[in-house]
Structures are given as structure tokens and as C-alpha cells.
Protein chains: 2
Amino acid sequence: MKYRKALNQWLDRLLMRSELSTRERDAVLALPCDLVEVSANRDFVRLGDHTTHACLVTDGLVGRFAQTADGERQITALHVPGDMVDLHSVVSPAATSALQAIGRTTIVRVPHMALKRTADELPELGRAFWRDCVVDAAILATWVINVGHRPAAARVAHLICELAVRYAAIGLANGQSFPFLLTQSQLGETTGMTSVHVNRMIAQLRERRLLAWRSRMIEIVDWPGLRTLAGFDPLYLSLPEDLLRRIYALFGTSRRMTAA
Amino acid sequence: MKYRKALNQWLDRLLMRSELSTRERDAVLALPCDLVEVSANRDFVRLGDHTTHACLVTDGLVGRFAQTADGERQITALHVPGDMVDLHSVVSPAATSALQAIGRTTIVRVPHMALKRTADELPELGRAFWRDCVVDAAILATWVINVGHRPAAARVAHLICELAVRYAAIGLANGQSFPFLLTQSQLGETTGMTSVHVNRMIAQLRERRLLAWRSRMIEIVDWPGLRTLAGFDPLYLSLPEDLLRRIYALFGTSRRMTAA
DNA sequence: CGACTGATTGAGCGATTTCAAGGGTTGTGG
DNA sequence: CCACAACCCTTGAAATCGCTCAATCAGTCG
């Protein structure tokens with residue numbers, strides 16, 4: 001198949017949460033698909049669309065957007081490379097929210113039909129698909145707590161912790177730094193606060209020497225400190241124990257010695 | 001089977017979102033299960049438990065509870081009769097949050113093994129299970145918007161609208177009234193606000209003659225008004241069009257004439 | 001009849017938003 | 001390569017919303 005790299009990213013993701021036989025792995029890699037480039041800030045799935053394909057992010061960042069009646073936008077999910085953004089659309093093709101590329105993004109589309117057929121033939125793989133949706137729901141539940149019951153600084157810190165771990169898990173963290181493609185207003189749209197207040201909270205996190213943020217990268221300066229402030233417990237991400245340990249080692253070691 | 005009534009409730013639920021053949025329906029009704037009574041405010045699944053059964057609510061109300069590091073509790077989901085509370089545990093048995101009965105509740109437990117076997121034999125039914133989890137996730141996404149981007153009064157109103165529709169959908173609304181088993185503090189725990197402030201918002205909703213609340217029942221007084229204030233759009237509940245129309249008719253007709 | 005739990009109300013405080021304006025960065029076209 | 005425009009970040013001051021603390025009232029269960 002043509003876009004083997006993308007399918008491999010997804011397979012790696014599935015393998016973090018499910019054990020798959022060789023046959024099942026091969027079936028994933030043999031899925032038909034096609035590639036779409038989406039430019040920044042473009043919706044590629046709109047509310048109410050009836051989709052026929054599921055979208056896999058290979059490169060870039062995708063946000064799931066919802067809207068209140070008075071036009072306020074809220075980001076309810078973020079998807080990094082390797083995420084199948086709307087795997088759920090296989091069983092529920094009518095989109096209940098819009099999908100937008102945040103910055104230029106590469107998408108690989110896989111037909112629902114192919115996914116269904118494969119899942120029917122290999123029930124254990126079907127369960128892996130289902131499990132992936134369940135983990136997404138667990139992330140969502142954590143966002144509810146975050147937005148509902150955490151003070152502003154912790155809210156921002158928690159999202160940053162989550163993205164740090166998710167980027168590290170897919171090998172896109174560079175030492176203690178990872179890509180952070182959101183603007184501060186978008187960060188506000190996901191944490192339920194004003195861009196102004198996001199800015200002040202970020203300033204706090206910087207002052208406390210917990211992180212540094214420049215040119216679309218965030219550097220974790222004090223991982224334990226950030227984690228504590230955020231009340232971050234990565235259990236809900238369902239990552240393998242050893243991977244998690246490696247990530248923590250990556251972020252935690254060699255505390256920076258900057259500033260007296 | 002012994003608890004056919006409970007399984008029938010669940011089957012009805014599944015049929016709202018999936019078309020099932022006679023064989024598939026029979027398979028659902030033939031599932032093995034056992035019954036558990038849970039007294040008020042008791043956790044029957046704890047964080048981190050490895051479960052072997054999925055829990056179906058037959059009677060009462062169940063809340064999914066999460067906790068922040070500093071002990072604040074947040075309710076991330078509510079489950080009414082007919083809901084399979086943790087169907088997702090079939091593919092992900094380690095509980096990522098606790099389940100608590102809100103008031104005395106009757107649970108029917110179905111073994112994961114039986115659900116898996118049935119799903120393997122009848123792939124379309126397996127997809128119905130998966131779909132159910134997807135709808136739960138859609139509800140969760142809506143809660144994120146609610147808690148993140150709506151002012152307090154609308155937040156409370158939105159939850160009330162959702163529960164009104166969900167109770168009506170399972171035939172438990174009595175005219176314009178439906179059971180409301182949460183205390184005001186619990187309502188605060190789900191909407192991310194203090195019980196004091198919940199109280200004031202409820203008072204507002206009463207003053208504006210949108211609803212009445214007494215002895216564990218809420219009566220919808222002005223459905224269009226409540227819906228508008230809440231910005232409520234039931235799309236995310238994935239209910240059949242005609243059922244929804246019937247529910248709206250039920251709530252909307254015969255506006256109450258009380259009080260000059 | 002107490003003892004409890006839940007609902008209600010008031011006053012003061014603090015967190016977050018709003019409004020507003022200025023400075024920096026990035027990308028683009030000349 | 002520069003100039004410009006657009007967008008993003010940053011900061012301040014005032015207003016608002018929701019929280020905390022505290023007390024009282026109303027049902028409910030033994």
C-alpha cells in the first residue's frame with residue numbers, strides 16, 4: 001500500500017493498547033487509503049456531515065470543534081500524528097462535531113467499509129478499534145474534570161502535561177521539548193478561558209520556571225513541579241508502564257541549571 | 001433468563017441507535033446476568049478495579065466520579081435506567097473512574113466473556129455495543145462544552161434539558177415531570193460549580209418560570225424557554241427523529257397556566 | 001422530639017472576563 | 001531583501017461572575 005508510513009503510525013498506536021497477532025497487524029497495514037493535505041484552519045469535516053472514511057493524522061494537529069448557540073467555540077479533542085481522529089465514525093457516520101486542521105496537516109483517509117470488513121474477519125482487531133474509542137472517551141472525561149474543577153493555572157498546565165506525554169509517546173519529543181502548535185486563544189478555547197487569562201497563566205508558569213515556550217515548541221523545565229501543579233496522573237492515557245517510565249525519565253532527568 | 005426486564009430495557013436502548021435482527025435481539029435477551037442492589041452513595045466500582053462484568057442500571061441513578069489531586073470530586077457521567085454504565089469495560093477492564101449509586105439503585109451485571117462471545121458471533125451486534133460507547137463519548141464531549149463555555153445558569157439548564165430528554169426517551173417522564181435524583185451539591189459536582197451557586201441559578205430558573213422542582217421531580221414549565229437559555233440541541237444524544245418529536249410534543253404542549 | 005441532611009439567603013472577597021491599547025513576529029508580495 | 005499587513009502576544013484597569021464563609025430554615029428519618 002502507498003501510505004504505509006501512516007498506517008504504521010496507527011499500528012504503533014494500536015499496539016500501545018492492544019496485543020495484535022501478525023495476521024491482525026498485516027491486516028491493518030493492508031488497509032486501503034488515500035492522502036489529503038489540509039491547509040491551516042480549514043474544516044475538513046463539518047457538523048452533520050455523513051462521512052464514509054475515517055481520518056488518520058500523519059503530520060500536523062487536528063482539533064475537534066464544537067459550538068454553543070451563541071457562537072462560542074470549544075475544542076473538545078486534539079489529535080496528534082498516529083491518531084485516528086474519528087474512528088467512531090465507522091459506527092456512527094453522522095459527525096456530531098467539526099474537525100479542523102490546526103496548522104498545515106496531512107491526513108490519510110481509510111474507508112469505513114474496509115475497516116468494517118477487517119473488523120468482522122478479525123474480531124480481536126475490531127475490539128482494538130473499539131478500545132481506541134474508549135481511550136478517547138477517557139481523555140474526554142479527564143477534560144471534563146479539568147475544565148470543571150481545576151483553577152486556571154492548573155488547567156493550562158494539565159493540558160500541557162497531557163500533550164507532552166502524548167508527543168513523547170509517539171517519539172516526537174526532542175529531549176524535554178515538544179511541538180506546541182496551538183495559539184494562546186486556541187489554548188483558551190480548549191481550557192475554557194479567555195486568551196488574555198491564558199496568557200497570564202502561561203506567564204506564571206514561566207516565572208515559576210516550570211516551562212519555556214518559544215517558536216511553537218514547549219520545553220519542560222521542571223516536570224515534577226508542572227505535574228504537581230496540574231495534578232496530572234497519566235493513567236487515563238492507557239500507555240504501557242515501561243513507555244511511561246521512559247517518558248518520565250526523559251522529562252525528569254537533567255533538570256536545567258539555568259538561573260541561579 | 002431471570003432478569004429479562006432489565007435486558008429488555010437495554011435492548012430498547014440499543015434499538016434506539018442500531019437496527020438489530022431477530023437473532024441479534026434474542027442474543028441480547030439470552031445474556032447471562034445477575035442482580036445487585038446498591039444502597040445510596042455507595043461505590044460499586046472503584047478507581048483501578050479490574051472488572052469482569054459490565055453493569056446495567058435497571059432502577060435508580062448511577063454517577064461516574066473522578067477526583068482531582070486535591071480531593072475535589074467531579075461527576076463525569078450520569079446513567080439512567082437502561083444504560084449499560086461501563087460497557088467500555090469489555091475492552092478496557094481497568095476502571096479509570098469510580099461508579100457510585102445516587103440513591104438506592106438496582107444493577108444487573110453481565111459477564112464480559114458473554115458479551116465478547118456474543119459480539120464475535122454477531123458482528124453487527126458487536127458494532128451496536130461499540131456504537132453505544134461512541135454515543136456516551138458524544139455526551140461527554142457536550143459536557144466539556146457545557147462546563148467550559150457556558151455561563152452558570154445555562155450550564156444547569158443544559159444538564160436539566162439533557163436529563164429531561166433522556167428520561168422521556170425511556171418512558172419515565174410523567175407529563176412534563178421527570179425524576180431528578182441529584183442533590184444540589186451533586187448538581188454542582190457535575191456542572192463544576194458550588195452548591196450555593198447552583199442554588200441561586202435554580203432560583204433564577206424558577207423565577208423565570210422555566211421549571212419547578214420539588215420532592216425529587218423536576219417539572220418543565222417552559223420548554224422552549226429552557227432550551228433557549230441552555231442552548232440545548234439534542235443531536236448528540238443520537239435519538240431517532242420521531243422519538244425526539246414525541247418528546248418535544250410532550251414537553252412543549254399545554255404550557256402551564258399557573259400564576260397570573 | 002431531636003439529629004441529620006439538604007435548601008436557602010446574605011455579605012464580602014477573589015478569580016476571571018472585558019475592554020482597550022501597544023509591541024512583536026511571521027509571512028507575503030513587491 | 002525590505003515593507004507591510006495580519007496575526008499573535010502582552011499588559012493595564014475596571015467590571016462581573018462565581019466562590020467562601022456563615023447562618024438559618026425545611027424536610028426526613030429514627
Side-chain angles (χ1 to χ4, degrees), chain A residues 39-42 61 63 68 70-75 100-104 146-157 160 179-207 211-218 229, chain B residues 39-42 61 63 68 70-75 100-104 146-160 179-207 211-218 229:
Chain A
S39 49
N41 304 319
R42 272 208 63 234
L61 183 65
T68 61
D70 53 324
E72 289 259 38
R73 289 160 66 89
Q74 166 96 33
I75 299 180
Q100 185 181 100
I102 304 204
R104 185 168 194 71
N146 204 30
V147 172
H149 267 291
R150 257 189 263 268
R155 239 184 286 181
V156 172
I160 289 170
F180 198 86
L181 275 11
L182 294 174
T183 65
Q184 291 188 0
S185 349
Q186 287 168 331
L187 186 45
E189 281 169 2
T190 105
T191 51
M193 40 200 284
T194 325
S195 68
V196 173
H197 205 56
V198 166
N199 183 273
R200 291 195 236 266
M201 294 305 106
I202 293 279
Q204 262 187 39
L205 299 180
R206 275 201 271 244
E207 271 164 33
L211 57 78
W213 179 4
R214 56 187 177 290
S215 64
R216 306 184 162 250
M217 294 287 277
I218 284 185
L229 175 70
Chain B
S39 49
N41 303 319
R42 272 207 62 234
L61 183 66
T68 62
D70 54 323
E72 289 259 38
R73 288 159 67 89
Q74 165 96 34
I75 299 182
Q100 185 181 99
I102 305 207
R104 186 170 193 70
N146 205 29
V147 172
H149 267 292
R150 258 189 264 264
R155 241 184 284 182
V156 172
H158 196 278
L159 184 70
I160 289 171
F180 197 86
L181 276 10
L182 294 174
T183 65
Q184 291 189 0
S185 348
Q186 288 168 330
L187 186 44
E189 281 169 2
T190 106
T191 50
M193 38 199 287
T194 326
S195 67
V196 174
H197 206 56
V198 167
N199 184 275
R200 290 196 236 267
M201 293 305 106
I202 294 278
Q204 261 187 38
L205 299 181
R206 277 201 269 244
E207 271 164 32
L211 56 78
W213 179 4
R214 55 185 178 290
S215 63
R216 308 188 160 247
M217 293 288 276
I218 284 185
L229 176 69

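Numbers restart at 1 for each chain; the letters A, B, ... are given by sequence-line order, proteins then strands.
Remark: B:Gln100 CD to B:Arg73 CZ distance equals 5.0 Å, nearest 0.5 Å. The distance from atom CG of B:Asn199 to atom CD of B:Gln204, rounded to the nearest 0.5 Å, is 11.0 Å. Put simply, CH2 on B:Trp213 and CD1 on B:Ile160 are 7.0 Å apart, with the number rounded to the nearest 0.5 Å. Taken from CD in B:Glu189 to OG1 in B:Thr183, the straight-line distance is 7.0 Å, to the nearest 0.5 Å.
Looking only at side-chain heavy atoms (C-beta outward), B:His158 and B:Arg155 stay at 4.5 Å or farther from each other. Looking only at side-chain heavy atoms (C-beta outward), A:Arg200 and A:Val196 come within less than 4.5 Å of each other. With contacts defined as side-chain heavy-atom distances shorter than 4.5 Å, the pair A:Met193/A:Val156 qualifies.
Taking atom NE2 on B:His149 and atom P on C:dT16, their separation rounds to 15 Å, with Å as the unit. Atom CD of B:Gln186 is separated from atom C1' of C:dG6 by 10 Å (rounded to the nearest Å). The CD1 atom of B:Ile202 sits 19 Å away from the P atom of D:dA26 (whole-angstrom rounding). Atom C1' of nucleotide C:dT16 and atom CE of B:Met193 are separated by 15 Å, given to the nearest angstrom. With rounding to whole Å, B:Leu187 atom CG is found 14 Å from D:dG18 atom P. Distance A:Arg150 CZ to D:dC19 C1': 19 Å, rounded to the nearest Å. When the C1' atom of D:dC7 is taken as reference, atom CD1 of A:Ile102 falls 16 Å away, rounded to whole Å. Per the geometry, CZ belonging to B:Arg214 stands 16 Å off C1' belonging to D:dA26, to the nearest Å.
Listed for the B:Arg150 side chain is no donor-acceptor partner under 3.5 Å among the backbone atoms of A:Thr68.
Nucleic acid contact class of B:Thr183 (heavy atoms, under 4.0 Å, all strands): sugar-phosphate only.
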Restricting both atoms to N or O, compile the protein contacts to nucleotides 9-15 of chain C shorter than 3.5 Å, with distance only.
from, atom 1, to, atom 2, distance (Å)
C:dG10, N7, B:Arg200, NH1, 3.2
C:dG10, O6, B:Arg200, NH2, 3.4
C:dA11, N6, B:Arg200, NH2, 3.1

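Place A:Glu72 and B:Trp213 on DNA chain C by their nearest nucleotides, and B:Trp213 ends up nearer the 5' end.
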field: Protein proximity profile, nucleotides 23-28 of chain C - base contact B, sugar-phosphate-only contact S, no contact -, cut-off 4.0 Å on heavy atoms
entry: ------
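At most 12 non-hydrogen atoms from other residues, nucleotides or ligands lie less than 6.0 angstrom from CZ of A:Arg42.
Taking only side-chain nitrogens and oxygens, A:Arg206 comes nearer than 4.0 Å to OP1 or OP2 of D:dT10.
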